[in-house]
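One structure is given below, encoded as structure tokens.
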Amino acid sequence: MATNMRRCSSNFIFLLISLLLQFYSGKSDLQLNYYTESCPNAEEIIKQEVIKLYKEHGNTAVSWIRNLFHDCMVQSCDASLLLETANGIESETTSQRSFGMRNFKYVNTIKQALETECPLTVSCADIVALSARDGVVMLGGPHIEMKTGRRDSNESYATVIEDFIPNHNDTMSLVLSRFQSIGIDVEATVALLGAHSVGRIHCVNIVNRLYPTVDPTLDPEYAEYLKGRCPSPDTDPKAVQYARNDRITPMVLDNMYYKNLLSHKGLLLVDQQLASDPTTSPFVEKMASDNGYFQDQFSRALVLLSENNPLTGDQGEIRKDCRYINNN
Ligand code: HEM
Ligand SMILES: *[C@@H]1O[C@H](CO)[C@@H](O)[C@H](O)[C@H]1NC(C)=O
Ligand SMILES: *[C@@H]1O[C@H](CO)[C@@H](O)[C@H](O)[C@H]1NC(C)=O
């Protein structure tokens, strides 16, 4: 009894000290089931909305995965990506790097469902993270456990996007260093690029490899097929033609991407370089031969990405509408 009491009070003191430390640093960490008390159905609501949207527009699931990359890679997982140009803020989506991003309006469908149940409680940043992980499941990928408690930025980083998000034709060493700088190792980077197992690439990002001459690292027959999809070297950025990332299982997040790379059917230069660069190629081979291994690495990597430098505690805010900062 007495020992229990002592253990109890020392636990209590420990708890008190942790709370005080948290209070003084003004910062807390992400945690599993952050909304258990404040909005117990939050994760289930997001999941149900993602399922519903997927059934109406399958591509939404693809978009949620790309959103996580573009939001978290740039500075912080803080939904800065979702801000529209208004009130002195320039939207990050105006960057050339955001070309082709779609389905933003459906983020608000998810947010509205949450606002109805728990007003001003669930952040847009957590919607970005959880919709991506639920989108992965819709596309046949693994279920990933994710922490929550991210808060929303009050600013966009439109002017520095290109310092974080690599271009389609950057060198592998630059790509790896960009990911490394936010704590994502080589193996995890290779796994994340596996997201290019789904979705589409517009011709503007491929034509350099087709015209005037075909990139020798591209399978010649496949190049002919791609030329059919992108019949002209015209790089008018508004051109709507595109090719699917993975012709065989275009809507399945699986290791077909790596098999395609090994048979020289990567669409972007960065994709194809994963298979030729000696730093990354061993991982490509492993992932191509084992979907379970790819899934494990992809899960680990998506969690790393989703936890990049979040705003927590009293930082940032909980936006009411994901498109605008509050008080406007
Ligand atoms: C070196 C890093 C990366 C580069 C250079 C890159 C570049 C691109 C480009 C150029 C497109 C095509 C856009 C278009 O023409 O419409 C694209 C699409 C896409 N990217 Fe990436 N990406 C990278 C990493 C990632 C990562 C880490 C993820 C997620 C984990 C991701 C997810 C996607 C998805 C899902 C699409 C298809 C979007 C759709 O069909 O709507 N990408 N990416
Ligand atoms: C955003 O918040 C930071 C502090 O976190 C503050 O310095 C800055 O002025 C705020 N910006 C806007 C546009 O409210
Ligand atoms: C990369 O592609 C862009 C067009 O998207 C082009 O302007 C640029 O010159 C290319 N860079 C290299 C190194 O080929």
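We count residues from 1, following the sequence as given. Counting starts at 1 for both ligands and their atoms, in listed order.
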Test: [X] and [Y] ion pair at under 4.0 Å:
{"X": "R319", "Y": "D78", "result": "no"}
{"X": "E49", "Y": "K111", "result": "no"}
{"X": "K265", "Y": "D219", "result": "no"}

Ignoring angles and geometry beyond distance, decide whether R200 reaches within less than 3.5 Å of ligand 1 through its nitrogen or oxygen atoms. yes
For atom 11 (N) of ligand 3, is the nearest protein heavy atom under 4.0 Å away? yes
Counting only non-hydrogen atoms of the protein, does one fall under 4.0 Å from atom 7 (O) of ligand 3? no
Going by heavy atoms, is H168 under 4.0 Å from ligand 3? yes
Parallel, tilted or perpendicular: which one describes the rings of F99 and H202, with boundaries at 30° and 60°? perpendicular
Could you tell me how the ring of F179 sits relative to the ring of F69: parallel (under 30°), tilted (30 to 60°) or perpendicular (over 60°)? parallel
For [atom], which protein heavy atom lies nearest, and how many Å away is it?
{"atom": "atom 23 (C) of ligand 1", "answer": "F69 CE2, 3.4 Å"}
{"atom": "atom 2 (O) of ligand 3", "answer": "N169 ND2, 2.3 Å"}
{"atom": "atom 36 (C) of ligand 1", "answer": "R66 CD, 3.7 Å"}
{"atom": "atom 12 (C) of ligand 1", "answer": "I201 CD1, 3.5 Å"}
{"atom": "atom 9 (C) of ligand 1", "answer": "L268 CD1, 3.9 Å"}
{"atom": "atom 10 (C) of ligand 1", "answer": "N205 ND2, 3.5 Å"}
{"atom": "atom 32 (C) of ligand 1", "answer": "A195 CB, 3.7 Å"}

Got a second to check how far [X]'s [atom1] is from [Y]'s [atom2], nearest 0.5 Å?
{"X": "L68", "Y": "I127", "atom1": "CG", "atom2": "CD1", "result": "13.5 Å"}
{"X": "D134", "Y": "L130", "atom1": "CG", "atom2": "CG", "result": "6.5 Å"}
{"X": "I165", "Y": "D71", "atom1": "CD1", "atom2": "CG", "result": "9.0 Å"}
{"X": "H168", "Y": "L269", "atom1": "NE2", "atom2": "CG", "result": "8.5 Å"}

Consider only side-chain N and O atoms of N103 and S63, and report whether a donor and an acceptor are under 3.5 Å apart. yes
At a non-hydrogen distance cut-off of under 4.0 Å, which region of R102 contacts ligand 1 (side chain, backbone, both, or neither)? side chain
Under 4.0 Å, heavy-atom basis, I'd like to know which part of L192 is in contact with ligand 1: side chain, backbone, both or neither. both
Which of the numbered atoms in ligand 1 are under 4.0 angstrom from any heavy atom belonging to [X]?
{"X": "G100", "result": "16 (O)"}
{"X": "F99", "result": "13 (C), 14 (C), 15 (O), 16 (O)"}
{"X": "N167", "result": "5 (C)"}
{"X": "H202", "result": "14 (C), 15 (O), 16 (O)"}

Applying the side chain to side chain contact (heavy atoms under 4.5 Å, CB included) criterion to R209, which one of V214, L226, N169, T217 satisfies it? T217
Contacting atoms of ligand 3, where contact means under 4.0 angstrom from a heavy atom of N208: 2 (O)
Check whether more than 12 heavy atoms from other residues, nucleotides or ligands sit under 6.0 Å from atom CD of E56, and answer yes or no. yes
Minimum non-hydrogen distance to atom 35 (C) of ligand 1, winning option of L253, V62, V270, T60: V62
Filtering Q273, M73, H196 for the heavy atom nearest atom 43 (N) of ligand 1 leaves H196
